[in-house]
Number of protein chains: 2
Amino acid sequence: MAATDDLMLVRAAELYYEDNKTQDEIGALLRVTRWKVGRLLAQARDEGIVRIEIVHPRARRAILERQLADRFGLADAVVVPQTDDPQAVAAATATAAADYLAALRPIPRTLGVSWGRTIDSVAQALPDGWASGVTVVQVNGGLSLSRRGSDAAATAVTIAQKGGGTAITLPIPAILERRETREVIEADRTVAAALARADSASAYLYSAGVADADSVLVESGYLTKDDVTQLVRKGAVGDVLGRYIDAFGAIVDVGLDARTVGLGLDRLRTAPTAIAVIAGEAKHRVAHAVVSSGLCTILVTDESTAQSILRHHQIEESA
Amino acid sequence: MAATDDLMLVRAAELYYEDNKTQDEIGALLRVTRWKVGRLLAQARDEGIVRIEIVHPRARRAILERQLADRFGLADAVVVPQTDDPQAVAAATATAAADYLAALRPIPRTLGVSWGRTIDSVAQALPDGWASGVTVVQVNGGLSLSRRGSDAAATAVTIAQKGGGTAITLPIPAILERRETREVIEADRTVAAALARADSASAYLYSAGVADADSVLVESGYLTKDDVTQLVRKGAVGDVLGRYIDAFGAIVDVGLDARTVGLGLDRLRTAPTAIAVIAGEAKHRVAHAVVSSGLCTILVTDESTAQSILRHHQIEESA
DNA sequence: TCACTCGCTGCTCATATGAGCAGAGCCTGC
DNA sequence: GCAGGCTCTGCTCATATGAGCAGCGAGTGA
């Protein structure tokens, strides 16, 4: 393009977006028709000369959202902007998840939720009255064997209270010593009823755990660091609902899985609404595993994780 | 403002500016009227949530331009964006000055120009055919006593040639030894004719020099470093057309001024169009002196110089 | 408890802008 | 040199948006 056209592009953009002149007025100033001005402005936007940015803690990244949804066949994706502060990013992600849940239509009658730090943050971020009468069911076992902030039942209770509803908790250890023990406990009438409610929930909200010593499963005493190291050796990239998966979303230790209490992962794959809230650099790999293996229909994440998922998927497709 | 209002602001802005939805469509999505959407968007722009920036080498800074024009009663101001590269800023300033001159209406019949590195850059940046038949007059003496790139006459000749016109040069030393010598030379018929043309020019284009050893007047051999040191002691902040001025735009050495060849500064003050092109950190003080003492009607500068001028003027007014 | 004021809303009508089309001009190839 | 095709333009008509106004609701004060 000739230099004088560049100049006209820039001037038109400045007069329109900074001086708030109409296209008619700009046409008079630049001695071209208003139709030409319109084309110049469209070109300026197309070429990135005009840069429009939404700057706010609740802003999202629409382009990455669309790319994720299209690439993985997701019903929706929510991507929050990256900052240098991991805690700010985690908070923004939790807030975005809470926003999404509150805006979800139809509002789920029964919501299955996992427990952990991320979902607890989502619970804190939810506004009072986000729903009117919702049953919130805890979908994975979580009777804390050590005393920490992430109280499994508290998360479900908070979400239910803020939604003017009731909570059904699973005050059972997340992982038991023997498969038979799990089967007996899950067969118990009240436990079976809770698991039935979990299985028939209209929507799920969960996060994923990192396969490292920082996991709440280790912190809660269900697994040792050595356990996790072995799981990683077997290919584990993280856990969903306490169940360790590899990069392809497959269970890495069938025996451990058989001792794990709560909803099975196959149910997430068949659920019409499964919201995964997964952000932070440590969770890049498990986030990728979740979206690429159909474990969620909606992903709430941060910009850096979204980019990592899209980049790695591209590499895998060209391999 | 309530948190839910913030969220609605952000969503509306994202849907409008990033997803290109109409206000009607956004209203349906957010369950409000299109008039409410319009108000939300206006608020988002007002509060800076929507940030629109023009990114291009020829972009300008409209807000600073208006502030300079309003504060100093300038007919116009042109401010180019700051970058970290002083040479890029100088180039952008020269290009902006060339753009401005080429767009000036009516096109001046006679243009008085100074000589120096900055105006030579403007000459290089001018497009061929920027005018059709213009007389370009050199307004300050400039017969180079040493051989350097900034050839005084060449600048006026380049501008004239690109404008399809003719040049009238002043091949006389910028500063003479004695006032009487200057008077004799200026009385010479051909020199007097050139000065008369300079005095009756319809517009002027000039830059300012820094009062330091890097000045083209020192480089050209008219002054020594000691001369300049003395001038600075007397309060000089820089020179305009070879004439040293202080922070208030007043001549600091009347004797030196009497020996200086060319247009007097008073003529710049009465000219309807006097374009000063002054950018770079070293020229902040002389730029301020020029605009605050009515030596120009139009200033072409960079963002940093503009901010410095506005800041210092504010301090002086509150003193 | 009532009245008044202020702020926010929805609406009408005018203005601003865009989509699509037809025509013109320019460039390339035969 | 002519013809055809492509690109860019101005325009018409439809759509999108804004300005200003009237009405309603909420809050405050007497």
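Reminder, nothing fancy here: chain letters follow the sequence lines and each chain counts from 1.
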Quick check: does any side chain N or O of [X] sit under 3.5 Å from a backbone N or O of [Y], one acting as donor and the other as acceptor?
{"X": "Lys162(A)", "Y": "Gly129(A)", "result": "no"}
{"X": "Thr305(B)", "Y": "Thr301(B)", "result": "no"}
{"X": "Trp130(B)", "Y": "Ala103(B)", "result": "no"}
{"X": "Ser207(A)", "Y": "Val277(A)", "result": "yes"}

Study note, to complete from the structure: Students should find that the nucleotides of DNA chain D closing off the region near chain B, any atom under 4.0 angstrom from a heavy atom, are dA16(D) to dG20(D)
Indicate every side-chain donor-acceptor pair of residues 72-97 of chain B with a distance under 3.5 Å to a residue at least two apart or in another chain.
residue, atom, partner, partner atom, Å
Asp76(B), OD2, Tyr100(B), OH, 3.0
Gln82(B), OE1, Ser304(B), N, 2.8
Thr83(B), OG1, Asp85(B), N, 3.2
Thr83(B), OG1, Asp85(B), O, 3.4
Asp85(B), OD1, Gln87(B), N, 3.1
Thr93(B), OG1, Val89(B), O, 2.7
Thr95(B), OG1, Ala91(B), O, 2.9

